[in-house]
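All chains are named by letter (A, B, ...) in the order of the sequence lines, taking the proteins before the strands, and each is independently numbered beginning at 1. Quick caveat, the model's predicted, so the values are computed rather than measured.
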Amino acid sequence: MTDKNNNQDNKFLKHLKKNWAKYTVGILLIVAILYNYDRDPKVTQAVLASMVRHSTPLVLGALCGLIGERSGIINIGIEGQMLISAFAAFMTTAYTGNIIFGVVLGILTGMFMGYLLAIMSIALKLDQIIGGTVLNILALGITSYFYQVGLSMGQKILPIPLGKLADLPLVGRVLFNNPPITYTTFILVFVVHYILFHTKWGLRTRAVGEHPRAADTVGVDVFKIRYVNLIIAGGVAGLAGSFLSLEAVGSFERAMTNGRGFVALAVMIFGRWTPFGAWGAALLFGFASAMQTQINFSGALDIPYQFISMLPYLLTIVVLAGFVGRSRAPAASGVPYEKEG
Amino acid sequence: MVNTVLEVQNITKRFPGVIANDSISFKLNKGEIHALLGENGAGKSTLMNVIYGLYKPDEGQIFINEEAVEVQNPHDAIARGIGMVHQHFMLVPVFTVLENIVLGSETTNGPSLNLRSPRKDIQKIIDQFNLDIDLDTITEDLPVGIQQRVEIIKALYRQVDILVLDEPTAVLTPQEVDDLFKIMRSLVDQGKSIIFITHKLKEVIEIADQITVIRRGKVVGSAKPDEADQQSLATMMVGRDVDMHLHKKKAEPKEMILEVNNLVVKDANGNVEVDDVSFEIKAGEIVGIAGVQGNGQTELVNALVGMIPTESGTVKINGLPATNASPRKVTEMGSAHIPEDRLKDGRVLPFTIADNMVLNTYYLEPFAKSGIRQQEEIKEFAVDLVEKFDVRTPSAENTASSLSGGNHQKEIDAREFSRPINLLIAAQPTRGLDVGSIEYIHHRIIEKRDEGCAVMVVSTELDEIMELSDRIIVMFNGKIIDTVNADEITKEQVGLLMAGVTA
Amino acid sequence: MTKENKKKDDQIKERSFGIVGVIWKKISVPLTSIFLALFIGGLIMAISGSDPFEAYGALFQSAFGDINGWGRTLEKATPLIFSGLAVTFAFKAGLFNIGTQGQLLMGAITSAYLGFAITGLPAIIHIPLALLGGALAGALFGSIPGLLKTRTGAHEVITTIMLNYVAINITDYLSNGPLKEVSSSDVVARTPPIEASAEIPQVAGLPLGFFIAIIFAVFVWWILEKTTLGFEIRTAGLSGTAAKYAGIKVTAIIVITMVISGALAGLGGAVETQGIVGRYQPGFNTGLGFDGITVALLGKVHPIGNIFSALLIGSMKAGGAKMQFVADVTPEITNVVQALMLFFVAADRVVRWIIRQRETDDEGLTLTTGWGN
């Protein structure tokens with residue numbers, strides 16, 4: 001018994017040793033936020049709420065990326081999946097006037113794009129990076145062809161305050177006064193984590209992403225796992241697209257994803273291919289974007305806005321350069337699987 | 001009463017251009033270790049893939065417990081009680097032992113994965129067969145021998161009665177082989193049956209109850225181990241009298257070629273792979289580096305030829321400093337390198353054979369003049385080598401990927417031996433080749449020695465080390481555990497050293 | 001074994017059909033892809049209520065109908081050849097340069113600056129000088145993802161895309177700020193027009209830039225196939241370990257490749273500035289980078305093939321306006337058709353299956369090697 005306790009202590013220490021930097025940054029951030037909240041509650045709240053808003057499509061994009069990549073398929077078509085879903089969601093809402101139809105169609109469109117990527121990378125064994133690029137270009141072409149100027153959808157999705165929780169100081173307005181897709185995103189992080197690490201499907205998914213042949217020899221259907229995961233992941237990207245057009249902006253604009261699909265990949269890598277890691281990373285990116293808006297808005301710094309606009313992209317590069325070598329991607333990601341015989 | 005658990009009758013499997021299995025029949029009895037003996041490429045693996053449901057046979061029938069069956073896929077094979085331990089382990093490296101065992105046969109608790117009840121069942125199996133393993137260790141942290149045990153438990157957990165072991169000893173130390181044999185015995189004693197695939201004669205005689213020999217896709221004979229001897233089995237396996245001994249003159253070492261002093265090499269994660277290694281090789285001698293796979297030999301070679309950086313220590317070639325020299329520098333100093341993985345390293349498969357023949361000399365005259373390639377010169381050179389080394393190809397302009405089997409090796413040999421060299425570093429030069437090709441390459445290597453070349457041969461095949469070497473260096477855990485003259489030591493003694501046992 | 005036999009079979013076939021057979025084998029997939037994409041594009045037009053024959057007819061007429069049409073097509077094709085070459089060149093080293101867009105922008109604005117800021121030079125010096133400036137800017141910008149990849153392992157696909165956004169912001173800033181055209185009424189963010197001496201002229205109604213592009217395509221082919229540098233690049237692209245074994249410094253090759261690729265993209269931007277736009281104006285060159293990917297893949301990642309695929313895409317751009325005028329089809333349909341072409345040419349198994357052609361053993365493309373390499 002003592003032995004086991006010792007063991008756990010050691011594990012804890014090891015964990016601390018490995019992750020001390022993360023915890024320090026986290027604690028410092030919290031202290032800084034609280035300090036600012038004390039000084040200027042309104043701005044702090046606004047920045048944090050904007051952080052959550054900015055992070056939502058990134059979390060969803062990263063979840064889409066990691067669901068696919070945990071099963072061994074690299075998805076650089078997230079951008080295109082999001083864009084075309086945003087378009088479908090908006091068009092449906094504009095024509096039917098029903099936001100729920102819009103969200104559903106957005107998700108279905110994303111799932112179809114996931115299915116396309118699956119066909120290309122699994123059945124056709126296309127290089128996965130080229131497959132993703134095809135999705136991106138296809139989405140850009142289709143949305144710009146079918147886009148009609150002047151369509152509108154009326155009111156965008158509104159926040160739903162969660163009763164008394166929404167009245168809590170600081171966190172209330174930031175976490176518990178959000179529109180439904182944002183809440184769904186919070187829940188999805190937990191759901192994906194649960195599925196990935198605590199279910200049979202998750203175990204098989206991870207096996208397929210690390211060593212597909214090993215999974216195959218014990219009767220796991222590698223192709224099925226990859227197909228289903230990519231389609232579900234596409235649905236998550238579809239939700240991100242719906243978020244952009246229906247919840248964040250309230251209309252569709254050409255190329256409105258603006259590189260978020262790619263930033264989401266960096267978020268996924270920074271989060272070490274885990275849902276909670278991705279959430280944390282997305283919040284960090286969201287924070288950078290929120291600060292960018294805040295600085296632009298307040299005119300506090302005399303820097304041309306273009307340089308501030310570059311920040312999220314530069315941050316992505318820095319994160320990628322600093323972390324990609326130090327975290328371990330699923331071993332089989334990017335490699336088409338060929339059955340023997 | 002003998003009880004046949006598995007019988008294959010007249011199995012034929014054709015691939016375009018070859019008959020991999022030609023009407024093969026054999027019977028496996030309950031509680032028996034049945035060895036399938038054959039050379040690389042004899043058709044053993046194809047046969048096992050047929051039994052395991054990976055290939056469909058063109059003709060023939062499989063019986064399990066005297067009932068005709070068609071095995072659809074590996075899952076089906078397992079359901080029918082056939083388990084397989086592949087030569088390359090089918091384990092997810094980052095999973096725990098427990099996760100690897102339950103994968104594919106999971107139990108659930110509502111939507112959640114249930115690992116608690118399988119843990120109990122697996123522990124029972126471990127105790128029953130004395131398998132001694134910790135279920136919570138990450139698989140990749142385990143030594144190879146233990147990983148193999150995980151594979152065996154995987155099969156047992158799926159309640160198989162027939163276990164197919166594909167070349168299970170290839171990656172083990174002699175001690176681990178002993179442990180494996182003990183486990184195999186304990187398995188058959190408790191009613192399991194084993195098909196043991198191998199090309200190692202000695203092991204067959206030691207452990208098998210029944211031997212079936214396969215050559216070129218056909219069954220060429222069978223024997224009981226107590227009636228057979230190594231020489232007769234070898235003749236059966238190869239199809240002609242095999243001179244099991246290589247004739248070579250005594251070495252006449254001359255000037256110093258390679259000097260390695262206190263070399264340390266670390267891998268990307270900072271683990272010490274080569275630990276304070278010092279040795280030297282003189283012109284006109286063959287030094288064999290023996291050791292079980294993964295004891296630092298690969299890293300040693302890669303560091304010497306400049307593929308990976310060294311941590312500390314010095315290397316001299318021909319008396320000149322060559323520590324951390326680039327691969328090009330090492331080549332230019334007069335050394336040749338036959339890489340471990342013939343297909344992947346040292347060749348570009350989509351390139352023509354001609355381009356591969358100049359792969360590391362492409363920039364030198366006459367193959368290039370002021371940065372411009374001279375196609376005619378390259379072609380002429382390649383055509384000449386193709387003929388000299390008997391590389392079987394319609395033209396030097398064909399892609400390297402179109403070559404087959406031993407021709408890959410000949411292509412590399414042609415390139416590396418065609419330069420004036422005084423140091424030859426050959427890693428696993430005969431892995432996966434048939435006896436004919438092995439003989440050919442051994443003769444080439446000895447020829448180089450007799451021409452005055454210093455030769456370093458790295459091999460995990462103890463027989464090859466014993467045959468070729470004038471001196472033997474044994475590596476264990478990254479260290480040189482001993483250096484001995486080949487004629488002063490027995491194979492068994494080297495085997496002990498390979499396991500880290502010093503006298 | 002199967003593969004070997006198939007190969008022998010193919011070789012026999014090749015011999016029996018001679019040179020025509022060889023060429024057909026090389027272009028059958030792109031041709032079929034183009035046809036399929038046009039067909040589906042036509043279906044989409046038909047569904048949205050337009051006459052595809054009328055639309056394609058107008059497009060073709062406008063792009064190739066007379067010397068003016070040819071002029072427009074060649075004009076549009078010129079920067080596409082360069083961005084296609086940039087993508088092709090990087091592909092050969094196993095790198096996916098999606099950042100041609102950014103490199104192109106940097107080249108375009110640099111050549112614009114050199115074009116308007118330097119005065120009094122004869123054209124014979126001014127034109128190449130501004131082109132060179134554009135190439136250098138592109139090369140510099142292209143070297144960043146190369147260095148990041150070799151130093152830190154950051155995958156070029158993401159870094160190049162991120163750098164595209166950085167480039168958009170930089171050029172936006174420059175054309176809005178330091179390099180903005182000063183005029184009392186003009187509020188448009190753009191640079192002043194370049195000097196006449198920096199403008200690439202027309203030759204007999206056809207843009208000279210196009211012929212410069214062809215010269216570069218041949219030059220790129222020559223580098224890749226005939227020089228030791230090209231051999232090193234192709235080796236590194238096909239097998240990193242083999243290249244290392246061969247004594248090739250793979251990290252250096254990656255950086256050099258990205259520099260040359262960036263230079264080609266930068267040249268594309270410069271040619272656009274000096275031959276067509278006449279100044280730098282944000283938004284005038286968007287999409288050229290992504291088009292480069294289509295051009296490269298449609299051209300079978302062959303420098304000479306790029307010329308033809310760029311002509312095709314260029315003609316679609318040149319004829320788009322007429323198509324809208326005549327058949328009331330928005331020119332964006334050409335984007336859809338392009339994406340479909342890319343899809344079919346990349347998913348060549350589908351196309352091969354349709355035309356019953358066996359796989360060739362071309363030097364295939366493998367770019368996906370995980371994030372770390």
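Heavy-atom pairs under 4.5 Å with chain C peak, among A:T133, A:L116, A:L135, A:I142, at A:T133. Across C:V166, C:D291, C:I144, C:I168, the residue that shares the most heavy-atom pairs under 4.5 angstrom with chain A is C:V166.
Both the backbone and the side chain of A:N258 have a heavy atom closer than 4.5 Å to some heavy atom of chain C. At a 4.5 Å heavy-atom cutoff, the contact between C:S48 and chain A is made by side-chain atoms alone. For C:L342, the parts lying near chain A are the backbone and the side chain together; criterion is any non-hydrogen pair under 4.5 Å. Contacts between C:I333 and chain A at a heavy-atom distance below 4.5 Å involve backbone atoms as well as side-chain atoms. Neither the backbone nor the side chain of C:V337 has a heavy atom closer than 4.5 Å to any heavy atom of chain A. For A:Y147, no part lies near chain C; criterion is any non-hydrogen pair under 4.5 Å. With a 4.5 Å cut-off on non-hydrogen atoms, A:L126 touches chain C through its side chain but not through its backbone.
What you find for A:L140 and A:A255 is that their closest heavy atoms are CD1-CB, 4.0 Å. For the residue pair A:L265 and C:I158, the shortest heavy atom distance occurs at CB-CD1, 3.6 Å. A pairwise comparison of heavy atoms in A:V267 and A:A282 identifies CG1-N, 3.7 Å as the closest pair.
When each of C:N97, C:T160, C:N164 is tested with C:Q103 by the rule side-chain hydrogen bond (donor to acceptor under 3.5 Å, both in side chains), just one qualifies, namely C:N97.
Residues of residues 309-318 of chain A that come closer than 4.5 Å to chain C, counting heavy atoms only, are A:S309, A:M310, A:Y313, A:L314, A:T316, A:I317, ordered by residue number.
Without hydrogens or angle criteria, C:S309 side chain to C:V295 main chain gives a donor-acceptor distance under 3.5 Å. Between the side chain of A:E79 and the main chain of A:G261, a donor-acceptor pair closer than 3.5 Å is present. Put simply, the side chain of A:T92 gets close to the backbone of A:A88: a donor and an acceptor are under 3.5 Å apart. Although no hydrogens or angles enter the test, the distance criterion places a donor-acceptor pair under 3.5 Å between the side chain of A:N136 and the main chain of A:I76.
Between C:F91 and C:F96, the two ring planes are parallel [angle under 30°; tilted spans 30° to 60°].
By the salt bridge (charged side-chain N to carboxylate O under 4.0 Å, His left out) test, A:R206 pairs with B:E99, sequence neighbours left out.
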